[in-house]
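Because the structure is a prediction, the values reported are computed rather than measured. In listed order, ligands and their atoms are each counted from 1. Count residues from 1 along the sequence.
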Amino acid sequence: MCELNMRPRRLRRTDLIREMVAETNIKLNGLIQPYFVCDGDGIRTEIESMPGIYRESTDKFLESIASDIKLGINKIMIFGIPDHKDATASKAVGADSLVPKAIKQLKDKYGDDLFVSADICLCAYTDSGHCGLIKNGQIDNDATLPVLAEMALDHAEAGCDCVGPSDMMDGRVERIRETLEENNHPNTIIMAYSAKYASAYYGPFRDACDSSPGKGDRKGYQMDFRNRREASSELMLDCEEGADIVMVKPALAYLDIIADFRRNTELPVAAYNVSGEYSLVKVMAEKKLVDEKMMVLENLTSISRAGADIILTYHLRDILKGGWLG
Ligand code: PBG
Ligand code: ZN
């Protein structure tokens, strides 16, 4: 009989042993649930491409939050879906704009018991569907910055804990930080979408927000998925510009980038488990091709193992409902 010194399988024999030696756990406290808030009243429509996720008018959104808080959700990310879109993204700014108004109501009700973050970008507000303003047929980086900064400030004034610029314009973190400091909001967290790739995985989200660019694509501002070193230089810039949390997006096809971020900064690293990643799991589970719980836990554990401290995920409500994290 052959004698082996090393038998890695010893540590895989029972549940208790496996738990004892497990290197990674999904940190429930690091999970953030995204929401889509639209204009109107009494609206709650399931997003066809994202089963279990809804676009809701503010009244219905407040009801959802009330029931989700009972489930244990206490960190959220809000996306606005305005009725009106135009060339200047006029509905993206102003104290009475859609998302700041909803945030004000949430904060009046829940205060610090609910961590509220919101996406800062123009694509849901421009008639072009692009993330920046168009001047002379080009996405004009510098003309977009003041609008983003004003949008972020309106959110901060409404009580938003954290703004998440997802537009990928150059210099936006610095401009937002300056504007927040100058206007007496030194404590607003900036969670920068630092390495945001031009990705096919955003398909269901754009369906949810009707934010597909009418013409062209986002490759002039979102990153090329062939590039890895470039993510490190984006990371460096956002750290210098004043980001508090840095994000990689999408998550599952970009685990190497998450691991690079983990090595290259001491800041908290977030990863966005995006709509297409969610829908893949949902579609396969509906067809009974996979065990949904096992696949969700495997995906989120892998994102954590790569180095993410925070994960934005549409699966959070199902995780809590199902008691999947024990
Ligand atoms: C807006 C934005 C997008 C997502 C988050 N913020 C879409 C895009 O850039 O086209 C994607 C989120 C998801 O797919 O879940 N800039
Ligand atoms: Zn955008």
**Q** Is Tyr272 close enough to touch ligand 1? Criterion: a residue heavy atom under 4.0 Å from a ligand atom.
**A**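 Contact check Tyr272 vs ligand 1: positive.
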
**Q** With a 4.0 Å heavy-atom cut-off (strictly under), which part of Tyr278 contacts ligand 1: side chain, backbone, both or neither?
**A**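 Contact part for Tyr278 vs ligand 1: neither.
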
**Q** Which angle, to the nearest 10 degrees, do you find at the Zn ion (ligand 2) between SG in Cys131 and SG in Cys123?
**A** 110°

**Q** Which ligand 1 atoms are under 4.0 Å away from a heavy-atom of Lys249?
**A** 2 (C), 3 (C), 4 (C), 5 (C), 6 (N), 11 (C), 12 (C)

**Q** Assess whether a salt bridge exists between Asp224 and Arg226, defined as any Lys/Arg side-chain N lying under 4.0 Å from an Asp/Glu carboxylate O.
**A**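 Salt bridge between Asp224 and Arg226, a charged N being under 4.0 Å from a carboxylate O: yes.
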
**Q** I need the Asp154 CG to Ile103 CD1 distance, nearest 0.5 Å.
**A** 10.0 Å

**Q** Should Arg177 and Glu174 count as an ion pair when the cut-off is N to O under 4.0 Å?
**A**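 No, no charged N to carboxylate O under 4.0 Å.
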
**Q** Do me a favour and list the nearest non-hydrogen protein atom to atom 14 (O) of ligand 1 with residue, atom name and distance?
**A**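 I find the closest protein heavy atom is Ser275 OG, 2.7 Å.
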
**Q** Look at ligand 1 and say whether Lys196 reaches it with a heavy atom at a distance under 4.0 Å.
**A** yes

**Q** What's the shortest distance from atom 12 (C) of ligand 1 to any protein heavy atom, and which residue and atom give it?
**A**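 Protein heavy atom with the smallest distance to atom 12 (C) of ligand 1: Phe205 CD1, 3.3 Å.
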
**Q** Quick one: look up the protein heavy atom nearest atom 10 (O) of ligand 1 and list residue, atom name and how far away it is.
**A** Arg206 NE, 2.6 Å

**Q** With respect to the Zn ion (ligand 2), please indicate if Cys121 possesses an N, O or S atom at a distance under 2.8 Å.
**A** yes

**Q** Charged N to carboxylate O under 4.0 angstrom, Arg262 versus Asp309?
**A**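 Yes, charged N to carboxylate O under 4.0 Å.
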
**Q** Taking non-hydrogen atoms only, is Asp167 closer than 4.0 angstrom to ligand 1 via side chain, backbone, both or neither?
**A** neither

**Q** Any carboxylate oxygen within less than 4.0 angstrom of a Lys/Arg side-chain nitrogen, looking at Glu241 and Arg172?
**A** no

**Q** Under 4.0 Å between a Lys/Arg side-chain N and an Asp/Glu carboxylate O for Asp41 and Lys60?
**A** no

**Q** So, Asp260 and Arg228, do they make that salt bridge, N to O below 4.0 Å?
**A** yes

**Q** Heavy atom of Glu277 under 4.0 Å from ligand 1?
**A**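 Flag not set, Glu277 not near ligand 1.
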
**Q** With salt bridge (charged side-chain N to carboxylate O under 4.0 Å, His left out) as the test, pick out the partner of Asp15 among Arg12, Arg18, Arg13.
**A** Arg18

**Q** Going through the distances and angles, do Asp161 and Lys107 end up as a salt bridge (Lys or Arg N to Asp or Glu O under 4.0 Å)?
**A** CA-CA 9 Å; Asp161 297 292; Lys107 279 296 175 179; 2.7 Å; yes

**Q** Does Cys121 approach ligand 1 within less than 4.0 angstrom via side chain, backbone, both or neither, non-hydrogen atoms only?
**A** side chain

**Q** Using a strict 4.0 Å cut-off to heavy atoms of Cys123, name the atoms of ligand 1 that fall inside it.
**A** 1 (C), 16 (N)

